[in-house]
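Just so it is clear: chains get the letters A, B, ... in the order the sequence lines come, proteins before strands, and each one is counted from 1.
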Amino acid sequence: MTNSFDDIPFFDDAPEEPAPRRSAASPAAAAGLGIAARAMAARDGNRAAMEYLSGLNPEQREAVESLDGPVLVLAGAGTGKTRVLTTRIAHILATARAYPSQILAVTFTNKAAREMKERVGVLVGGAVEGMPWMGTFHSIGVKLLRRHAELAGLRSDFSILDTDDVVRLIKQLIQAEGLDDKRWPAKQFAGMIDSWKNKGLTPPDIAEGDARAFANGKGRELYAAYQARLRTLNACDFGDLLLHPISIFRQNPDILKEYHQRFRYILVDEYQDTNTAQYMWLRLLAQRPQGTPQNVCCVGDDDQSIYGWRGAEVDNILRFEKDFVGAKVIKLERNYRSTEHILGAAGHLIAHNEGRLGKTLFTDRVDPDDEKVQVHAAWDSEEEARAVGEEIERLQRGGSDGKKHNLNDMAILVRASFQMREFEDRFVTLGLNYRVIGGPRFYERLEIRDAMAYFRLVCQPADDLAFERIVNTPKRGLGDTTIRNLHDYARARDIPMLAAASQITETDELKPKARKALFDVIQSFRNWSERLETVSHLELAEQILEESGYTDMWKADKSAEAPGRLDNLKELVRSMEAFESMRGFLEHVSLVMDADKNENLDAVSIMTLHSAKGLEFDTVFLPGWEEGLFPHQRALDEGGRSGLEEERRLAYVGLTRAKHRCHIWFVSNRRIHGLWQSTMPSRFLDELPAAHVDVAVSESNYGGYGGQGGGRGGYGQSRFDKADPFANTHSTPGWKRAQANKSDATRDNWGSRSGHAVERIGYGESGPRTRTIDGELVAKSVADTPSQFSVGDRVFHVKFGNGNVASIEGNKLTIDFDRAGQKRVLDGFVERA
DNA sequence: TTGCGATCCCTTTTT
DNA sequence: GGGATCGCAA
């Protein structure tokens with residue numbers, strides 16, 4: 001059977017030997033190389049035409065021009081890493097060292113791949129279209145696997161399962177083993193398999209101990225059963241996209257050799273994030289027999305290694321020189337992004353980490369007007385969102401520099417995605433445009449997954465998971481009993497469920513009603529599969545959704561979401577336009593999973609720190625710098641010291657995203673799992689240097705609100721001045737007002753705003769509070785001064801109620817609360833009972 | 001077989 | 001707090 005992937009010619013788009021020469025017949029030249037072509041001409045003497053090299057600093061230029069032999073570029077944040085990579089590609093093409101199709105350029109994320117493609121496109125023009133080997137590890141893995149699928153026991157039209165499918169599949173296996181799927185959650189086992197795969201381990205490689213850890217010692221068998229099941233489904237998971245090629249290369253040296261000849265240049269972005277499997281994959285492709293050039297260039301930054309939890313091995317970057325003898329190591333330390341304050345803060349913070357290669361970023365751009373990194377305190381996450389929103393509006397109207405700022409230049413970077421919600425809620429009420437990056441994704445929506453299951457099954461009839469998903473959606477009277485029958489029938493004969501369904505309708509094993517319903521479904525699928533070749537995939541998609549009754553199902557649905565779902569389905573069909581075939585579309589979706597339809601809207605970006613890596617913004621807001629959230633408790637529990645260091649790198653990534661302004665927030669109270677918890681400022685705040693940081697909270701407390709303070713003070717000042725509760729609540733303790741505020745805050749916008757203003761004054765008055773922040777941040781001095789409390793004191797806390805002080809450590813109290821148990825709290829938050 | 005209510009569990013990060 | 005799953009009843 002042919003499909004669109006077989007259409008890609010193998011080696012005939014570029015001769016293996018000799019290396020390309022500049023000639024009219026050269027496909028590369030014919031492709032119209034733009035600058036590259038001009039630069040080829042330049043090779044004959046006119047070096048000035050190599051304009052893409054000008055503007056590089058000496059280190060960058062060296063990294064670009066060192067084309068022979070292995071190169072490791074240690075590129076700090078904002079030092080022009082992507083520029084080096086893209087220019088290097090342009091340079092390879094321009095000097096006619098290789099055809100576009102002979103360059104393997106690997107990135108970690110889709111976003112990075114997209115950006116690289118764009119930027120290379122700017123340099124070399126249309127030639128970038130001739131670079132099929134530029135993409136993520138996974139997308140390149142698919143490409144390899146499609147070509148050699150049979151060597152992995154698959155057909156080239158295999159499906160790629162996402163996490164959801166995998167979990168459902170494993171759940172079936174666990175149940176089939178007669179195990180209790182509550183005691184042995186499928187999700188957990190899916191995680192184990194994933195981490196095994198990240199380490200490059202196949203079932204026989206699993207150590208005895210690990211194998212025993214799950215399902216009464218059946219872990220290894222279960223893993224093997226899972227792999228076997230994938231094979232019968234003609235499917236693979238994300239990990240397989242790397243593992244299968246690895247074993248194909250290992251077992252077929254001749255194939256590996258073909259790729260060695262093909263890939264003249266290998267480039268790897270974000271090398272510090274590669275896991276063991278990726279590393280094995282890469283080494284197979286990059287390590288050549290002695291005497292052959294190993295033109296591999298890896299770019300990375302050990303200080304930005306933030307994927308250790310996912311199996312990334314920082315060691316990979318550290319042992320590069322051992323793996324590739326004679327490697328040249330180039331450090332990029334000149335930062336072009338951030339102000340000296342931001343760099344100073346970030347550098348001081350990251351210096352607290354031990355195992356690092358040690359780079360120090362510097363910049364020449366010193367401007368006395370540059371704002372220091374601002375640290376703000378808020379009572380709770382709601383106030384945090386409110387204040388950030390106001391700061392954003394302030395910048396939008398015209399910041400301290402009087403300049404009006406675009407929302408596109410601002411981002412809120414959170415540690416965990418649940419933090420996003422509060423900002424979204426707030427921005428909706430403010431009418432402030434925002435976009436969530438990496439949030440709940442289009443293709444993960446229920447209706448989209450259903451529709452996709454239909455498409456998958458049409459293209460790949462062995463896809464049982466898709467079959468099970470939609471066989472009774474919309475409702476066709478095919479319930480659990482029928483499905484289970486069908487399932488058993490299929491398993492017994494080792495055939496796909498769709499085929500089994502076809503057979504079983506010819507017997508009388510099913511009740512007439514179910515039999516009829518099933519028969520109709522199969523007929524539909526037969527029809528659709530036939531049309532695959534004759535009807536355009538766009539039309540076919542529409543027909544499938546119509547004829548299956550799927551759109552009717554939502555039209556009949558009276559719930560609030562139904563119209564939105566119908567819209568999404570339309571959007572889905574529309575987005576298929578960009579693809580040549582349904583298969584091509586399905587592949588895109590399984591790998592990319594996000595629809596990048598954020599047009600030119602001016603909007604604040606909200607995303608996690610992880611997904612912010614590689615991006616930059618004029619103004620960056622970093623909320624939630626509290627112990628337990630950031631650094632995240634789980635990272636500390638599971639990762640210990642190295643977990644903490646990874647969190648610190650995450651903080652470093654966050655800070656270094658900012659070009660001009662960086663605002664950090666921490667709150668005293670945050671709701672976690674629905675419960676309010678008192679929180680302490682993050683230790684990372686202690687690690688920021690006073691020279692580059694302003695504690696904005698005290699300033700706004702005293703200066704901003706009384707009306708006499710002048711200063712650029714607080715946010716939304718004028719609005720609060722009008723608020724009438726101001727006067728009469730002025731003298732009551734802050735926490736009380738905050739508490740009163742909380743009850744009506746969710747409903748009443750204005751109420752919450754005025755309450756908010758009042759709250760903040762309360763902070764200003766509560767001396768310990770302000771000093772605490774200064775003390776935490778600037779020096780440990782406060783921590784050394786004796787607390788106003790002593791052990792045994794009876795105290796009251798707004799969230800936890802009454803309790804007794806159990807121990808004191810500087811300004812941090814451990815309190816045994818009568819009802820809430822033992823908590824650690826800053827002394828500013830309690831008062832004598 | 002379906003639909004609804006109750007309960008349970010989880011909440012870091014992603015290809 | 002909230003989403004997903006489970007169990008029970010119609």
Side-chain angles (χ1 to χ4, degrees), chain A residues 106-113 135-142 160-164 166-168 171 181-182 185-188 191 194-195 197-198 236-243 270 273-275 277-278 281 305-312 381 413-422 425 437-441 443-444 446 472-484 511 513-514 517 559 588-594 607-613 624 628-639 643 646-647 649-650 653-654 670-677 746:
Chain A
V106 209
T107 64
F108 210 66
T109 64
N110 291 305
K111 209 166 38 180
T136 62
F137 278 100
H138 291 85
S139 71
I140 290 170
V142 179
I160 301 160
L161 305 185
D162 64 24
T163 337
D164 222 66
V166 168
V167 171
R168 281 192 300 144
K171 189 166 183 178
D181 64 310
K182 286 218 184 93
K187 225 175 147 184
Q188 189 192 334
D194 190 54
S195 67
K197 291 191 170 180
N198 284 338
C236 60
D237 61 18
F238 282 122
D240 288 341
L241 299 179
L242 291 167
L243 283 195
E270 306 283 14
D273 286 336
T274 51
N275 61 36
Q278 287 157 338
W281 185 93
S305 162
I306 54 175
Y307 284 101
W309 54 273
R310 202 170 90 177
S381 45
L413 311 182
V414 297
R415 174 64 183 85
S417 48
F418 74 85
Q419 292 173 263
M420 293 182 182
R421 208 201 151 97
E422 222 129 6
D425 288 352
I437 295 174
R441 297 179 227 190
Y443 290 108
E444 280 167 9
L446 173 85
N472 199 31
T473 311
K475 299 273 180 287
R476 298 185 174 98
L478 295 166
D480 285 349
T481 333
T482 319
I483 307 289
R484 197 160 312 124
K511 294 195 188 117
K513 212 179 131 207
S559 65
H588 169 82
V589 171
S590 55
L591 286 175
V592 177
M593 288 300 279
D594 59 12
M607 69 186 91
T608 63
L609 287 161
H610 282 88
S611 43
K613 191 165 70 156
L629 177 59
F630 194 32
H632 199 280
Q633 192 55 48
R634 201 154 145 186
L636 301 180
D637 290 346
E638 289 169 14
E646 181 153 316
E647 295 287 290
R649 290 193 291 268
L650 205 46
V653 167
R670 189 175 289 280
R671 190 162 42 198
I672 301 169
H673 314 333
L675 298 170
W676 284 98
Q677 307 255 308
T746 42

| Closest to the Lys171(A) side chain, choosing from dT14(B), dT12(B), dT5(C) |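 Given the options dT14(B), dT12(B), dT5(C), the side chain of Lys171(A) is closest to dT5(C).
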| query | Out of dT12(B), dT14(B), dG3(B), which has the shortest distance to the side chain of Thr608(A)? | reply |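 My answer, after comparing the listed nucleotides, is dT14(B).
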I need the [atom1]-[atom2] distance between [X] and [N], as an integer number of Å.
X: Arg671(A); N: dT11(B); atom1: CZ; atom2: C1'; answer: 14 Å
X: Asp164(A); N: dT14(B); atom1: CG; atom2: P; answer: 16 Å
X: Gln419(A); N: dG2(C); atom1: CD; atom2: C1'; answer: 18 Å
X: Arg168(A); N: dT5(C); atom1: CZ; atom2: P; answer: 10 Å
X: Asn110(A); N: dT14(B); atom1: CG; atom2: C1'; answer: 10 Å
X: Arg421(A); N: dG1(C); atom1: CZ; atom2: C1'; answer: 8 Å
X: His588(A); N: dT15(B); atom1: NE2; atom2: C1'; answer: 14 Å
X: Asn275(A); N: dT14(B); atom1: CG; atom2: P; answer: 16 Å

Is [X] near enough to [N] that one of its side-chain N or O atoms lies under 4.0 angstrom from OP1 or OP2?
X: Asn198(A); N: dT14(B); result: no
X: Lys187(A); N: dT11(B); result: yes
X: Thr482(A); N: dT1(B); result: yes
X: Thr136(A); N: dT14(B); result: no
X: Arg634(A); N: dT12(B); result: yes

| request: Between Glu647(A) and Arg476(A), name the one whose nearest nucleotide on DNA chain B is closer to the 5' end. | output: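 First, find each residue's nearest nucleotide; the 5'-ward one identifies Arg476(A).
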Sugar-phosphate, base or nothing in reach of [X], heavy atoms under 4.0 Å:
X: Asn472(A); answer: sugar-phosphate
X: Lys111(A); answer: nothing
X: Gly141(A); answer: nothing
X: Tyr307(A); answer: sugar-phosphate
X: His138(A); answer: base

Within this structure, what is the [atom1]-[atom2] distance for the pair [X] and [Y], rounded to the nearest 0.5 Å?
X: Thr109(A); Y: Lys613(A); atom1: OG1; atom2: NZ; result: 8.0 Å
X: Gln278(A); Y: Asp273(A); atom1: CD; atom2: CG; result: 8.5 Å
X: Leu413(A); Y: Met420(A); atom1: CG; atom2: CE; result: 9.0 Å

| Between dC6(C) and dT11(B), how far is it from one P atom to the other, in whole Å? |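 Going atom to atom, P in each nucleotide, I get 16 Å.
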| said: Is the base of dT14(B) stacked against the aromatic ring of His610(A), taking ring centres under 5.5 Å apart and planes under 30° as the test? | reply: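 Here His610(A) fails the 5.5 Å or the 30° condition.
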| message | Donor-acceptor pair, distance only, cut-off 3.5 Å: does the side chain of Glu646(A) make one with the backbone of Gly643(A)? | response |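 No; judged by distance alone, with no hydrogens or angles, the pair does not exist.
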| query | Is the backbone of His632(A) close enough, under 3.5 Å, to the side chain of Glu647(A) for a donor and an acceptor to pair up by distance? | reply |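 Judged by distance alone, yes, a pair lies under 3.5 Å.
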| Shortest non-hydrogen contact between Ser381(A) and Arg670(A), atoms and distance |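 Heavy-atom minimum between the residues: CB-NH1, 3.5 Å.
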